[in-house]
Amino acid sequence: MPEMPEDSGVTIEALMDEQRTFAPSPSFSAQANISSPSIYEEGEDYVSFWEKQADRISWRSPWSKVLDWSNAPFAKWYVDAKLNVTESCLDRHLETKGDKVAFYFEGEPGDTRTLTYRELYHEVNKFANGLESLGVQKGDRIAIYMGMIPELPIALLASARLGATHSVVFGGFSSDSLRDRINDAEAKVLITCDEAWRNGNRIALKEYADSAVEECPSIEKVVVVARTNAEVAMADGRDIFYHDLIATMSDEKEATETDSEDPLFILYTSGTTGRPKGIQHSTGGYLVGTSFTHANVFDIKDDDIYWCTADIGWVTGHSYIVYGPLANGCTSVIYEGVPNFPDKDRFWDIIAKYKVTQFYTAPTAIRTFMKWGTEFPERHDLSSLKVIGTVGEPINPEAWIWYNETIGKGTCPIVDTWWQTETGHIMISPLPGVTTTKPGSATVPLPGIGADIVDDEGHSVPLGGGGYLVLTHPWPGMLRTIYKDPERFKETYWGRFSKPEENKWVYFAGDGAKRDTDGYFWLLGRVDDVMNVSGHRISTLEVESALVDHHAVAEAAVVGRNDAITGQAIAAFVTLKGNVEGNEMLLQELREHVATKIGKIARPASIVFTDELPKTRSGKIMRRLLRDISEQRKLGDVTTLANADVVREIAERAQNQASSQASQE
Ligand code: ATP
Ligand code: MG
């Protein structure tokens, strides 16, 4: 019997030591919306800080109290205040910004549309009137299942105008996923489109919607936006085309008054860890939080052209394509399709065409661009860019450096923004005019936000150590509950580290993180992914980043698989850059590279070269599937997986290669 390894006793070990720093240039800081670090002191009294920020949006009547936390963990922000979010996003801009562009729409096939704030206001009113004529009232749930066309944000806003609650289901989901989400929310109306463009193909959304709705007893009406003008089946009495519905509608519509705490939307998480949860957000606090963070994290100026590449089906699209930017009267680009249609330079083409100033995308996209090579961005003039951002996963330091050099040309601050569907808005991120950045670190909590890193007992881990990322006090955009499941809400997010008997409430995000001696936060991925190798608790992210640090590697995923001797052994899956061939020599080189970069303990026991990694539909690496493959278990739930056949292929390769590799050091 091998001797059992001793547990290191540390929650998560910090192996990487990234020393590079990037201070904002004096000229950037001089023009920034926030240029003084004193904002963080202001944020310490978070209640009065967020009260001050509430002036950013329009209210119909004020609050009696900023925060009511007496029924924790159920929060109320801007208690008793009344508003309608669309008045902040549309009406109040009419006088000063009516002719300003709200959205530049770029269709995947190359068609374009421009909507000014006035035009958007009229479209939203017409559709709100149309929905009302179908019986939609305040409090009703509206499901939305569409491609990225202007009618998508219009649908969200029309719902909000009526005080209804929208539930957007990403257009890449299957009928079954749509059905389950509609039924969970008991939506009355579904808004969809005939087809969506994706990678040059027509995706038959209406067909998928039809089969979903067959099993959705709550749906009374289906509104269909004609995107491709394909012939689609229209059920008599149930289905109506958007253009027919709005044809006779007035372009004025009095907004329905809502309470600050009325639900604005439900959104299901992306499902990286399992069954998606219906996250319910409120109205007033959500808009204050998204408006403040959008303006200041991206340093938005009046003549900027901002582009967030997320889909509105995810929270990033809700907060940073629709509500934040519109509340701030900002001009945005909306792009319908994939980054490689018709060629791998489409994003860079769009940046040059619209002279985009802020660009916000995901690490998965950045790693894909790295894999494709620099020739594609090099075809275009990216000099309009001022700030570039990322969200969705930890960014490996080498991907950060690539982003900085190849896209930002070394002159754009990078904002690595940590947040979740649950948090509603950005929580940990640089302020680009203030914060010195470090590649791979989301830096520090924004002003007015409290975060800490704790150990298994909930004690704060000293600087330099790793553990669980928690949020230490309420914030305006926080989720209010899980739809129809307050118990699950309490247990999932507030159960682990709170001490109700002491009235101490701590939100546990599910992510691991470490904090360096400067107090910078480094996200280490989900705590479920942490590996235990010979008693050392190692984050998958750090091993992945060490692999991506090698010049041949574009992307890597690492998991711990059961091992009789070490407890877990590190199994790595590696995607190489465009022109590199994977062979035995490179394999050994990569193992040594990890050993030198972060230590022998982290040297992968096995490496599989693969063209793709299994990802969720929002592009995140799904490690639990790789874990199943590595342990040759039956595959787990793959319903929210984007590229399911990749998994099968990886499984085969893993089996072939496993025999030829040493399984441990
Ligand atoms: P589910 O909760 O259903 O498993 P999910 O967590 O992927 O799905 P989202 O709410 O879309 O759903 O993603 C939030 C998560 O994404 C965070 O908890 C974190 O793990 C990761 N994340 C987001 N931004 C960052 C970032 N800048 N750095 C590191 N991780 C990030
Ligand atoms: Mg999550």
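Order of appearance sets the numbers: ligands from 1, and atoms from 1 within every ligand. The chain is numbered in sequence order, starting from 1. The figures that follow rest on heavy atoms only: side chains count, while hydrogens, waters and symmetry mates do not.
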Answer yes or no for [X]: is there a heavy-atom contact with ligand 1 below 4.0 Å?
{"X": "W418", "value": "yes"}
{"X": "W419", "value": "yes"}
{"X": "V315", "value": "no"}

*Does any N or O atom in G392 lie less than 3.5 angstrom from one in ligand 1, N or O only?*
yes
*N/O of T269 under 3.5 Å from N/O of ligand 1, yes or no?*
yes
*Out of Q420, R526, K620, M427, indicate the one that has the non-hydrogen atom closest to atom 6 (O) of ligand 1.*
R526
*Options P363, P394, G619, ranked by nearest heavy atom to atom 30 (N) of ligand 1, top entry*: P394
*Would a line drawn from the ring center of F521 to the ring center of W418 be shorter than 6.0 Å?*
no
*Does the separation of the ring centres of H281 and H318 fall below 6.0 angstrom?*
no
*With no hydrogens and no angle check, is any side-chain donor or acceptor of S630 less than 3.5 Å from a backbone partner on R561?*
no
*Between the main-chain N or O of G313 and the side-chain N or O of D311, is there a donor-acceptor pair closer than 3.5 Å?*
yes
_Applying salt bridge (Lys or Arg N to Asp or Glu O under 4.0 Å), can you list everything that pairs with K371, at least two apart in sequence or on another chain?_
none
*Does the distance from a Lys or Arg side-chain N to an Asp or Glu carboxylate O, for R624 and E631, drop under 4.0 Å?*
no
_One thing to verify: whether D529 and R627 come together as a salt bridge, which I'm taking to mean a side-chain N less than 4.0 angstrom from a carboxylate O._
yes
Any atoms of ligand 1 less than 4.0 Å from a non-hydrogen atom of [X]? List them with their elements.
{"X": "T421", "result": "9 (P), 10 (O), 11 (O)"}
{"X": "K277", "result": "2 (O)"}
{"X": "T417", "result": "24 (N), 25 (C), 26 (C), 27 (N)"}

